[in-house]
Structure formats: structure tokens, C-alpha cells
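One structure is given below, encoded as C-alpha cells.
A note on names: the letters A, B, ... follow the listed sequences, proteins ahead of strands, and every chain is numbered from 1.
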2 protein chains.
Amino acid sequence: MAATVQPRDATLAVKDSRPASVEKADFADAKGEKESAPSTGTLGKALEVLDIVALADRPMRFTDILQIVDQPRGTLHRQLSNLIEEGLVTVNPDGTYDAGLRLLKLAARAWSKNTFRSIAEPHVRKLHEATGETVHLGVLNGLEVIYVDKIESNQTVRMHSQLGNASPLYCTGIGKAMLALLDEEDCANRAQRFDYKKHTETTLHTADLLLNEIARIREVGVSHDREEHEVGIRCVSAGIDGGDSTTIAGVSVTAPAYRIAEDTILEWENLVRQTAKAIEQDMAAAMGPRSR
Amino acid sequence: MAATVQPRDATLAVKDSRPASVEKADFADAKGEKESAPSTGTLGKALEVLDIVALADRPMRFTDILQIVDQPRGTLHRQLSNLIEEGLVTVNPDGTYDAGLRLLKLAARAWSKNTFRSIAEPHVRKLHEATGETVHLGVLNGLEVIYVDKIESNQTVRMHSQLGNASPLYCTGIGKAMLALLDEEDCANRAQRFDYKKHTETTLHTADLLLNEIARIREVGVSHDREEHEVGIRCVSAGIDGGDSTTIAGVSVTAPAYRIAEDTILEWENLVRQTAKAIEQDMAAAMGPRSR
DNA sequence: AAATTGAGTTCCAAATAATGGAACTTTTTT
DNA sequence: AAAAAAGTTCCATTATTTGGAACTCAATTT
């Protein structure tokens with residue numbers, strides 16, 4: 001197994017980069033993934049627990065967690081102890097667990113240092129100014145888009161509120177645009193692995209529907225979200241090939257459906273396409289000068 | 001050792017909650033910590049590596065990391081592999097390592113679910129509206145403040161840019177206000193552990209100077225940053241006792257020194273004190289109704 | 001062009017840490 | 001007050017991590 005192509009750069013070859021995390025029963029999150037992948041190693045198991053604590057929608061008590069991870073009480077207890085000691089998890093006085101502050105600190109640095117995001121930022125901003133609507137920048141991560149930047153149309157809404165949020169690929173504009181950038185095999189593979197949910201009437205809820213649409217997107221170079229994720233919300237989006245074979249991303253313009261006229265859509269398609277191209281070029285330029 | 005008071009709630013007792021991370025030689029970060037604490041367990045060691053990768057100021061190659069962690073090549077290699085497989089770290093095509101997107105996702109959830117932050121938010125906003133200046137909300141974490149909310153005076157600056165950022169306690173308004181909230185012993189203890197740096201002329205750069213100031217802050221209930229961290233920046237701040245013996249926090253109003261008149265300071269002292277009190281009350285109210 | 005160095009990767013016996021079952025303590029429920 | 005549930009501790013067994021050395025590959029140097 002693991003017939004990964006060895007990169008010629010001096011670089012760690014990763015066997016299989018699924019985000020790895022296990023949820024059981026009805027604890028199906030907005031992960032978009034169909035089946036659990038077994039977490040390997042001590043780290044994996046610890047992160048499995050961390051995921052449960054951090055991504056749960058309700059506050060989790062010891063027993064809640066115990067029911068999700070298939071582990072003996074003693075083991076889980078020690079794992080939580082370790083996570084707490086490391087500052088990745090905190091305990092509330094009522095005995096529930098929460099994600100710890102160390103995560104915030106790590107993520108803040110990760111975000112501010114991220115070269116792709118910083119290169120893309122001016123273009124994202126320009127797109128926002130040109131359209132006056134909400135603009136998203138998202139990056140491919142397994143079966144999800146993770147939003148790494150966002151400019152709201154209405155500045156009164158808190159900006160950072162959505163940063164780092166993740167959505168499934170199959171029902172978002174950016175997600176579909178990114179899928180269209182992958183090679184057929186990879187794309188089809190992921191299409192099989194989604195845990196499809198019919199969020200709205202128009203959601204593409206089967207692999208076939210999705211792959212058809214992807215084929216169309218490949219031709220046009222632009223994708224649409226026609227209220228497929230949320231009723232009343234449309235978006236136009238284009239994929240970005242980061243050039244380093246690691247970064248696949250996308251930009252989008254989003255707005256309430258009623259506010260968008262047909263010719264606006266066409267205009268956005270062009271703007272979004274141009275923005276994506278511009279980011280690709282800047283990335284290439286930044287990559288060219290070997291390393292640093 | 002570790003004579004921690006056992007909480008009577010059904011709750012994990014943590015022996016000693018230092019953020020645990022090791023930096024060597026000149027790799028002294030903005031961690032504020034004097035000495036390295038040995039990371040225990042597999043998780044701790046993995047996080048040590050993650051810290052190095054995520055918190056470094058320059059892009060780190062394998063060998064760079066190797067020189068900081070005191071480990072054999074083989075071991076570090078496997079640790080990095082694990083981190084990558086888990087999505088906590090990514091490799092750039094030039095062989096440097098970066099913090100992975102999974103951190104962003106985890107942190108986003110951690111942030112949005114954080115009850116303290118959400119309870120404090122309206123008060124923070126109100127304080128911003130009353131003063132028209134930048135307002136920070138920070139939480140105590142080891143020897144640092146971690147900023148969990150921020151409202152800029154100038155909206156053109158990106159809001160989220162500083163979220164999750166950490167600063168040493170001894171040279172920030174919020175930091176000193178929080179220290180003043182701790183019991184003498186704890187406070188003195190931390191004062192010894194800082195890795196004092198004279199950021200500016202006015203920085204309190206010894207434990208004695210700091211403890212004197214803290215004593216004064218205890219009496220007044222408000223702390224000041226008189227350009228102690230950055231030249232030209234002053235702030236007024238008050239500590240918040242979250243009530244659950246876990247959450248110690250603080251709010252502050254910050255502005256360029258030249259813009260602040262003396263009577264403004266007095267006004268801010270009151271506003272900041274009131275805000276802190278209001279947050280404490282809301283927290284108590286939210287805690288009272290046992291759990292759920 | 002061959003040799004040397006440096007950087008990263010793989011392997012495996014030895015050392016260490018994680019496991020899981022059961023017993024124990026505390027809290028909550030009946 | 002008794003019983004059940006929830007959380008914690010302990011320790012022999014088991015599995016993972018460790019660290020040293022050998023190996024591969026690319027980049028320099030001679």
C-alpha cells in the first residue's frame with residue numbers, strides 16, 4: 001500500500017493524509033466524512049479525544065466522551081489528563097470539557113504566518129471592493145473547505161466569527177471549484193467518500209450529480225452555489241491552484257439570492273476568475289525564487 | 001510535590017499546568033518563560049515539536065528543528081511524520097514546515113464555543129463604544145495573556161489579525177491586572193519565572209519592580225501600561241475573576257500616548273472597572289445555575 | 001567526473017509509555 | 001439510607017516510542 005509518489009524535494013512523504021478522527025453513532029458532525037478512519041499512534045488517539053471535545057456542539061462530560069470513543073474508562077481518563085496538562089483542553093467547574101487556549105495561540109500563529117493567505121489577501125480585498133459583497137477564501141483540507149479569510153459585506157458582523165470554519169466540499173461553491181481542479185481519479189475518489197446530506201432542495205446529494213456538475217465546472221472554470229448549502233444564499237467561485245501541489249484553494253463572492261441579478265452573475269464570474277488567476281500568478285512568483 | 005487543592009467537583013486534577021514547551025539557545029520566543037519545562041509523555045513531546053514549527057518566526061527546515069529539540073534524527077523524523085499525518089503540520093515544497101490547517105479548525109470552534117468570551121463580548125463592545133478606542137479581552141494562560149477578543153478603534157485594520165496572540169504578563173496592562181487577582185504566593189511565584197526583557201524604558205524588568213506595582217494595583221483595582229511594552233502605547237486595564245477558579249481574565253482600553261489626556265485616564269479607569277465588574281456578574285449568573 | 005559532505009530516511013533491538021481490567025472513592029439518584 | 005452512576009487510581013501486561021547506526025540521494029567540492 002501507500003504507493004505515494006516520492007517528491008524529489010527533501011520532504012517527508014505522508015502515506016495518506018486523511019484528517020483522521022473517529023465519531024460514532026449519531027455524533028456525525030459537519031465533518032462531511034462518511035466513515036471513521038482509525039487513528040494510529042498515541043498522538044492520533046489523543047487527537048481523537050481532542051476532536052470530540054473541541055468539535056462537539058454541546059458541552060461534553062466524561063461519560064459523553066466515553067460513549068463516543070471506544071476505550072476503557074481508565075485510558076480515556078489519562079488521555080484527558082494529558083490533554084489538560086498540555087493546555088489543549090480545559091475543564092469547566094461543572095465537569096464538562098472544552099478546547100484549551102493553547103489551540104488559539106497555535107492557530108493564530110499558523111494563520112498569520114500562512115504564506116498563501118497573505119499572498120491572496122490583497123486580491124481578496126480587491127474582489128470585495130469590486131463587488132461590495134462577502135468574499136471568502138478557502139483551502140482544501142481532506143473532504144472539507146477551511147475558510148482562511150473572509151471579508152463581510154456588512155462590517156457590523158464580526159469578521160473573525162467564521163475564520164477557520166469548515167464546510168463539506170460537495171455543497172459549497174469553493175468546494176466544487178476545488179474539486180474541479182483535482183485530477184479525475186482523486187476527484188472521483190473524494191466524491192465517493194462524502195457523507196451526503198440534502199441541506200436544501202438543490203443540494204447535489206449523490207456522487208453522480210456532483211461529478212456531472214464538476215465536469216461542467218471544469219469547462220467553464222467557475223462554479224456556482226445555487227442555494228445548495230443554505231436556502232437564499234448563492235455564490236460564484238473559482239478554484240486556485242497554489243502551484244506547490246499542496247495548496248488547492250478557492251475564492252468566492254456570496255450574496256442573498258434575491259439581491260443578485262442575472263447580469264451580475266456574469267460580472268462576478270469574470271471577477272472571480274480574474275482574482276483566482278491573479279493569486280495563482282503571485283503564488284508562482286513567490287514560489288519561483290527557490291525557498292528562502 | 002504538586003500540592004494542588006483537590007477540587008470538590010468531579011473534575012480532573014491537573015498536577016501542574018505550565019504550558020510546557022522547550023526552546024533552546026537563542027530560540028527564545030515571545031513565550032515569556034525563563035526555563036524550559038520537560039514535556040512528559042508522547043503527547044508532550046509531539047507538542048514540543050509542534051510549538052517549534054508553529055511559533056517560529058522563520059520557516060523551519062528539518063535540521064533547524066533538530067537543533068532546537070534535543071532528539072535523535074530518527075525520532076524527530078517520525079514525530080514530524082505523525083504530526084503531518086494528523087494534519088497539525090504541513091510541509092512546504094521547499095522542505096520547510098508550517099502549522100497545519102487542522103489547528104485553525106480546532107481553534108475556531110474553541111473560540112466560538114468559549115462561554116467566557118461570549119458572555120464578555122457585549123460588555124467589551126460597550127466599552128469600545130464608550131471610549132472609541134481599541135479594547136482588548138485577554139485570558140490568563142501560564143505566564144502569558146492570550147487575547148480572545150479585540151475591537152479596533154480603526155476598523156480598517158483587520159480584526160482577527162491579533163486574535164489568539166499572546167504577550168508576557170509582566171509588561172501588559174491586562175497581564176498585571178490579572179496578576180493582581182492571584183493570591184500572593186501564586187503571583188510571586190510567577191513573577192520569579194518570567195524571562196524579563198526591557199521592551200522599553202519603562203518596562204518593569206525585575207520581579208521586585210513588578211511586585212511593587214502589583215501591590216499598588218491591588219489597592220486601586222486598575223492597572224496601567226505606561227508604554228511598558230511598546231513605545232507610544234498606553235493602556236488602562238482591569239482584572240476579571242471568572243468565578244470558576246479557572247478563568248482569570250482582563251479588559252483593557254488602549255491608545256497612543258499622545259492622544260490621551262490626564263482626565264481621560266480617570267474616566268477610563270472607571271469604565272474599565274465597571275466593565276470588569278459587569279462581566280464578573282454575568283459570569284457568576286451564568287455559573288450559578290449548576291451546569292447544563 | 002569522482003569523491004565528499006550534508007540532509008533526510010529507514011530499520012530494529014532496547015527502553016519507555018500506554019493499555020485495560022478491576023478495585024476504589026465520590027457523587028447523584030431512588 | 002441504600003443503590004446506582006460517575007469519576008479516579010493502580011499495576012502487570014502489551015504496544016509504542018526511542019535512539020543509534022546504516023542507508024539513500026542530492027548538492028558541493030576537489
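In this structure, B:His77 places its NE2 atom 19 Å from P of D:dA22, rounding to the nearest Å. With rounding to whole Å, A:Asp94 atom CG is found 15 Å from C:dT27 atom P. A:Asp64 places its CG atom 8 Å from the P atom of D:dG7, with the value rounded to the nearest Å. A straight line from CG of B:Asp70 to C1' of D:dG19 spans 12 Å, rounded to a whole angstrom. C:dG8 atom C1' lies 12 Å from atom CD1 of B:Ile65, rounded to whole Å. For the pair B:Asn92 CG and C:dG8 P, the interatomic distance rounds to 13 Å; values are reported in whole Å. Rounded to whole Å, atom P of C:dC24 lies 14 Å from atom CZ of A:Arg73. Per the geometry, CG belonging to A:Leu76 stands 15 Å off C1' belonging to C:dG21, to the nearest Å.
Regarding contacts with the backbone of D:dG7, a side-chain N or O of A:Thr63 is found under 4.0 angstrom from either OP1 or OP2.
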Given protein heavy atoms under 4.0 Å, the one-letter contact record of nucleotides 13-19 of chain C, with B base, S sugar-phosphate only and - none, is simply ----SSB
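Residues B:Val251 and B:Val124 meet the side-chain proximity criterion, which asks for heavy atoms closer than 4.5 Å. Taking 4.5 Å as the limit, every side-chain heavy atom of B:Leu88 sits out of range of all side-chain heavy atoms of B:Val53.
B:Lys113 places a side-chain N or O within 3.5 Å of a backbone atom of A:Ala56 that can act as its donor or acceptor partner. Using modelled atom types, no side-chain atom of A:Lys105 and backbone atom of B:Ala166 make a donor-acceptor pair closer than 3.5 Å. Checking side-chain atoms of A:Tyr97 against main-chain N and O of A:Ile65 turns up no donor-acceptor pair under 3.5 Å.
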Please evaluate residues B:Asn92 and B:Asp98 with respect to the criterion side-chain hydrogen bond (donor to acceptor under 3.5 Å, both in side chains), reporting the C-alpha separation (whole Å), side-chain torsions for both, the decisive distance (0.1 Å), and the verdict. CA-CA 7 Å; B:Asn92 304 322; B:Asp98 261 325; 3.1 Å; yes
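Of the residues near DNA chain D, B:Gly74 and A:Gly74, the one whose nearest nucleotide (by heavy atom distance) lies more toward the 5' end is A:Gly74.
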